Amino acid sequence: MSDEAVHPDAASGRTPAHRYSARLAARIEGKWQDFWERDGTFDAPNPAGPLADPAAVAGRQKLFVLDMFPYPSGAGLHVGHPLGYIGTDVFARYKRMKGFNVLHALGYDSFGLPAEQHAITTGVHPRVNTESNIATMRRQLRRLGLGHDPRRSVSTTDEAFYKWTQWIFLQIYNAWYDERAGRARHVEELAAEFSSGARTTSDGRPWSEMSVGERHDEIDRRRLAYLADAPVNWCPGLGTILANEEVTAEGRSDIGNYPVFQRNMRQWMMRITAYADRLVDDLDRLDWPEPIKLMQRNWIGRSEGARVVFSSPAGSIEVFTTRPDTLFGATFMVLSPEHPLVGTLTSPDRRADVDAYRAAAAAKADAERQDDTREKTGVATGGTAVNPVNGAEIPVWIADYVLMGYGTGAIMAVPSGDQRDFEFARAHDLPITATQMPPDAWFADRGIDPSIDCGTWPEAFVGEGPCVNSSNDEVSLDGIASIADAKSRITSWLESRGLGSATVTYRLRDWLFSRQRYWGEPFPIVYDTDGRAHALPESHLPVLLPELDDFKPTALDPDDSASDPVPPLARAGHWVATTLDIGDGERAWRREVNVMPQWAGSCWYEMRYLDPTNTGAFVDPEVERYWMGPRGDGHTGGVDLYVGGVEHAVLHLLYARFWHKVLFDLGHVSSEEPFHRLFNQGYIQAYAFRDARGQTVPAAEVTERDGSWTSNGEPVTREYGKMGKSLKNIVTPDEMYEEYGADTFRLYEMSMGPLDASRPWNTRDVVGMQRFLQRLWRNMVDEDTGAATVQESSPPEPLLRMLHRTIAGVGADMEGLRFNTAIAKLIELNNALTQHVNTAGATPRAIAEPLVQMLSPLCPHLAEELWSLLDHAGSITHVPFPVADPGLLAEDSVEVPVQVNGRLRGRITVAVGADEDAHTAAAMAVDNVRSAIAGRQIVKTVVIPGRTVNIVVN
RNA sequence: GCCCGAGUGGCGGAACGGCAGACGCGACGGACUCAAAAUCCGUUGUCCGAAAGGGCGUGUGGGUUCGAGUCCCACCUCGGGCACCA
């Protein structure tokens, strides 16, 4: 805050020359950062390849610590950004001291929209902007003292990196999912199976009778990366397809407010749905926070049920249902307005209404259609279908609450057992038949008498209840109380009659992988004159981005929904139309002009950290096995600790898992999962302030008094949220370096609370950590001379015992990433040490050294400096972490609280290992306890030796 | 609407079902100083009390238990995710 006390350095010349001030910290920090860089202190040896040092690898456990891949933003960092990086750095440094070979590096996810937008407005090539942003971020992070292996810092925009992104794309492209084997295989093996007849082609024709082009198409249909007509948000005014988040509720573009059209377009897709089951099932083997697993499960949305065929004059209509046991209650059907059978089903007298409804539904944006007030609109087609279990002829409706993209785009409506169907039936006067008898309590809760007549029901019944009205000549569910039993009985009947089968569907859709942008990885794909896609051979990689003058997608007539996008690359005429030899001589080709999405690089970057300079493979298999291979049977392998925010809980983590599994299936990696242990850090948030007009005022100028805030004398209101330019509440690491130094800043961030909790930034509190470090420094260094002041005499036993308790506690806290409590313990030790120094005059070396060692993961620069002042040569980085002496941890007596009826009435000190009687006797001797139980009857006495005594009286 | 997560002093936060509030900030008092800063030493949940001690206290209401911030049920508030998924 602006009225903060004048900084000590500036106050007068009387500040001791060697006080641990921001200025001294800066000098120490710069010195050790230079040392680490020269020394290669954090270089992690590999078992093989260019970074190999087998001798350094031998006999050590390994640890791969990873931060989520940052985008090098031009805006620079604020104090919230490094939170996770500091956390992983502290953990990594701790583990180095425990003897681990630690790999910790940071690279840059540098493709992406901001650089491209910047290029569009300034005309400067995105590479220039990207590289300067990376340089800025590297400088800011270097100043933090992170122990990264600089040799392993890669960027997705490096040609040597995206060559391998393209290579991995080709592996996926050249693979298909073999359902029988439950894994991906190379498409050559698929062609061989077609050829041998082991597998039949999609239309059943023999492989030998198909033309080359037909064979090509047959394979293309099965690839894991494939071209398909996918529904997209096409915005001709911007010349690009938009992500759902970029479309407003009104169906217009977020940027520019142009119309957006729902359209099918030919796009690259990734067949992630083939992996849906494994992506769900393998979550069980990961060490991830449960809420994140749950979010992934919900996103994949596996639901088990049955497909059931209803016959109709227009042909059979297939539905998906999770409740085939309620089939007897299906009193009507609802199709999605886009369902292909709607046209033929509609009777002449209904035609006008149906057409109008379909047109209205098509005009609605997705968001609008979903965000509706939930009124169940719909129209009857006039057509009917036959319920296969009872032969009932039931009406067929269309309604936009049924989505073409999920299941089969048609549902059987069971209004008695589904609330949506119930509302629809009530709204449109359709019959409702119960198929289950709800329990009496259900009726009682709703204040009605139990009845099988749904006319009295206020809502659908969803739950377990015995089946009713559910039988035909061949099968009866009546009386079955278990949904699962009823489901399996009716499903096997349906299967026996060829009317349906057990099926699983997923909410997960295949992944739209094309972007109409410039600043992304080009696809290693060319098209022949028939428009068929061909993969470029590995020798042609990388496919480099062509140089352009203008990076914008071509804008088109904003209202012309039928136009096609012209991505920036399409304007690179010579690049697009090319002549290449891709294996069968020089031929003319047309290049793919879309680029990959930003997710691509982050799907595999962690493996490039392992072997960043390898030119023959994306990663050496031996190196991958060493750092990421499974540890024992059933272990998935993967990164040992992955730290990042929850915002990537679904997409990034799901996409990366998918790519990793493909690479595993194809034998390129030994690990089944990329990230074995995941930890979600919290966010640092900040207060923002607004004046009477609602304008934000700079948070730094606000002062607080008695719970209200003013800025330049004017009252302001406070709100809480993210740090941001518009909120004028940004605090940068650079300001913290300037005022306190990096070690104090690191310590403050770690002390604020547990790593996984979000908390408010409060610059005012930082000084507490600086004071701690100053006290610690003063306990070991003469502030006037700068010389170490430790003495060789042995410390008093209580202090020594406290040291060993601290060692044990800090070690356990570090293992558990509980840095805030580790810091509290170090402060307590240092406070005790200060008391000792106040009387004895100096710190015993036997305390100073382990204290510095324990501090070093948190405040590495200061620890290095003190370590060298304590006459040690070289870095403290690999000095073993202190080990607690069990003999000094054991106490001979312990204080135990005494309760009477659960209320604390006194304390006793008993010998460790004292029996219950000894506890009781001591407790009874306490005056306050005696007066509390005076005149009352002791009912019983609960003694947990060493923990508590509770005397129960009446 | 459904699913997660969180509610503890003035503030950030500690606390294997066993002494609620460690540690830090802030505030108050003292030492040092001509004075201030810095530093060091204390006090600091709240109410009653001179003190000893006691009452009340972990979002609200119930419950389990000798004992609940911690476990169970219901509710309230805030944060996040999904949102007509058949």
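We name chains A, B, ... by the order of the sequence lines, and we start the count at 1 in each one. Model, not experiment: these values are computed from the prediction.
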Legend entry - Distance between C1' atoms of rU58(B) and rU46(B) (Å, rounded): 14 Å
Legend entry - Among rU39(B), rG12(B), rG5(B), the one nearest Arg771(A) by side-chain distance: rU39(B)
Legend entry - Length of the line joining Asp756(A):CG and rG79(B):P, which is rounded to integer Å: 19 Å
Inset, instruction - Between rA86(B), rG67(B), rG42(B), spot the one nearest the side chain of Gln835(A), thanks. - result: rG42(B)
Inset, instruction - Between rC3(B), rC66(B), rA86(B), spot the one nearest the side chain of Leu294(A), thanks. - result: rC3(B)
Legend entry - rG24(B) versus rG9(B) - spacing of their C1' atoms, nearest Å: 14 Å
Legend entry - Presence of Arg764(A) side-chain N/O under 4.0 Å of rG12(B) phosphate oxygens OP1/OP2: no
Legend entry - Qualifying residues under side chain to side chain donor-acceptor pair (under 3.5 Å), relative to Gln835(A), sequence neighbours excluded: none
Legend entry - Of Thr834(A), Asn838(A), Thr789(A), the residue whose pairing with Asn779(A) passes side-chain hydrogen bond (donor to acceptor under 3.5 Å, both in side chains): Thr834(A)
Inset, instruction - Describe the nucleic acid contact of Ser758(A) in one word from base, sugar-phosphate, nothing, applying a heavy-atom distance below 4.0 Å. - result: sugar-phosphate
Inset, instruction - Could you please name the option among rC84(B), rG53(B), rG24(B) that lies closest to any side-chain atom of Asp765(A)? - result: rG24(B)
Legend entry - Rounded distance in Å between the P positions of rA22(B) and rC11(B): 15 Å
Inset, instruction - Rounded to the nearest angstrom, tell me the gap between atom CD in Glu459(A) and atom P in rC2(B). - result: 12 Å
Inset, instruction - Kindly write out the residues that satisfy salt bridge (charged side-chain N to carboxylate O under 4.0 Å, His left out) with Glu891(A), not counting sequence neighbours, or none if the list is empty. - result: Arg805(A)
Legend entry - With Arg509(A) via side-chain contact (heavy atoms from CB on, under 4.5 Å) - residues at least two apart: Tyr406(A)
Inset, instruction - Name the nucleic acid region contacted by Thr505(A), choosing base, sugar-phosphate or nothing; use a 4.0 angstrom heavy-atom cut-off, strictly under. - result: nothing
Inset, instruction - Ignoring hydrogens and angles, state whether a donor on the side chain of Tyr687(A) or Asn762(A) is under 3.5 Å from an acceptor on the partner side chain. - result: no
Inset, instruction - Considering non-hydrogen atoms only, spot the tightest contact between Ala25(A) and Gly741(A) and give its length. - result: CB-CA, 4.2 Å
Inset, instruction - Examine rC40(B): is either OP1 or OP2 under 4.0 Å from a nitrogen or oxygen in the side chain of Arg778(A)? Give yes or no. - result: yes
Legend entry - P-based separation of rC78(B) from rC41(B) [nearest Å]: 44 Å
Legend entry - Rounded interatomic separation in angstrom, taking CG from Leu403(A) and P from rC84(B): 6 Å
Inset, instruction - Not counting sequence neighbours, which residues clear salt bridge (charged side-chain N to carboxylate O under 4.0 Å, His left out) with Arg358(A)? List them please. - result: none
Legend entry - Near-ring test Tyr748(A)/Tyr740(A), centroid separation under 6.0 angstrom: no
Legend entry - rA14(B) versus rC23(B) - spacing of their P atoms, nearest Å: 14 Å
Inset, instruction - Would you please name every residue forming a salt bridge (charged side-chain N to carboxylate O under 4.0 Å, His left out) with Arg818(A), sequence neighbours left out? - result: Asp813(A)
Inset, instruction - Give the minimum heavy-atom separation between Asn680(A) and Pro289(A), together with the two atoms involved. - result: OD1-CG, 3.6 Å
Legend entry - Contact nearer the 5' end of RNA chain B, comparing Thr321(A) with Arg947(A): Arg947(A)
Inset, instruction - State, to 0.1 Å, how close Val504(A) and Glu304(A) come at their nearest heavy-atom pair, and which atoms those are. - result: CG2-CG, 3.7 Å
Legend entry - No-H, no-angle donor-acceptor pair, Asn950(A) side chain to rC66(B) base, under 3.5 Å: yes
Legend entry - Gap in Å between the two C1' atoms, one belonging to rG21(B) and one to rG69(B), rounded: 11 Å
Legend entry - Selected nucleotide, minimal atom distance to Arg507(A) side chain, candidates rC82(B), rA86(B), rC66(B): rC82(B)
Quick test: give all pairs of protein nitrogen or oxygen and nucleotides 20-23 of chain B nitrogen or oxygen below 3.5 Å, distance rounded to 0.1 Å.
from, atom 1, to, atom 2, distance (Å)
rA22(B), O2', Glu828(A), OE2, 3.2

Legend entry - P atoms of rC34(B) and rC25(B), separation to the nearest Å: 28 Å
Inset, instruction - Considering only atom P, compute the distance from rA20(B) to rG57(B) and round it to an integer number of Å. - result: 13 Å
Legend entry - Closest listed nucleotide, where the reference is the side chain of Val767(A) and the choices are rG53(B), rC41(B), rC25(B): rC25(B)
Legend entry - Distance, rounded to the nearest Å, where Glu647(A) contributes CD and rG80(B) contributes P: 12 Å
Inset, instruction - Would you mind classifying the nucleic acid contact of Asn928(A) as base, sugar-phosphate or nothing, using non-hydrogen atoms under 4.0 angstrom? - result: sugar-phosphate
Inset, instruction - State which residues pass salt bridge (charged side-chain N to carboxylate O under 4.0 Å, His left out) with Asp421(A); sequence neighbours excluded, sorted by chain then number. - result: none
Inset, instruction - Only counting residues at least two apart or in another chain, list the ones meeting side chain to side chain donor-acceptor pair (under 3.5 Å) with Asp510(A). - result: Tyr226(A), Thr273(A)
Using atom names, set out every protein N or O paired with an N or O of nucleotides 55-58 of chain B below 3.5 Å, distance rounded to 0.1 Å.
from, atom 1, to, atom 2, distance (Å)
rG55(B), OP1, Arg905(A), NH2, 3.2
rC56(B), OP2, Arg903(A), NH2, 2.6

Inset, instruction - Measure from CZ on Arg297(A) to P on rG81(B) and round the result to the nearest Å. - result: 19 Å
Inset, instruction - Classify the angle between the aromatic ring planes of Trp397(A) and Phe424(A) as parallel (below 30°), tilted (30 to 60°) or perpendicular (above 60°). - result: perpendicular
Legend entry - Minimum-distance pair of heavy atoms, taken over all atoms of Val402(A) and Ser336(A): O-CB, 3.3 Å
Legend entry - Stems where RNA chain B pairs, listed by first number, each of three or more Watson-Crick or G-U pairs under 3.5 Å: B:1-7 with B:76-82, B:10-12 with B:23-25, B:26-31 with B:39-44, B:45-48 with B:53-56, B:59-63 with B:71-75
Legend entry - Positions of residues 932-943 of chain A (non-hydrogen atom under 4.0 Å from RNA chain B), listed by number: Lys940(A), Val942(A)
Inset, instruction - Flag the pair Met769(A) / Ile827(A) as yes when at least one side-chain heavy-atom distance between them is below 4.5 Å, and no otherwise. - result: yes
Inset, instruction - Compare side-chain N and O positions of Asn680(A) against OP1 and OP2 of rG5(B) and report whether any pair is under 4.0 Å apart. - result: no
Inset, instruction - Under 4.0 Å between any heavy atoms, over every strand shown, what does Glu290(A) touch: base, sugar-phosphate, or nothing? Just pick one. - result: nothing
Let me check something: any side-chain donor-acceptor pairs from residues 932-945 of chain A under 3.5 Å, sequence neighbours excluded? List them with distances.
none

Inset, instruction - Would you indicate what Asn838(A) reaches in the nucleic acid, counting non-hydrogen atoms under 4.0 angstrom: base, sugar-phosphate, or nothing? - result: sugar-phosphate
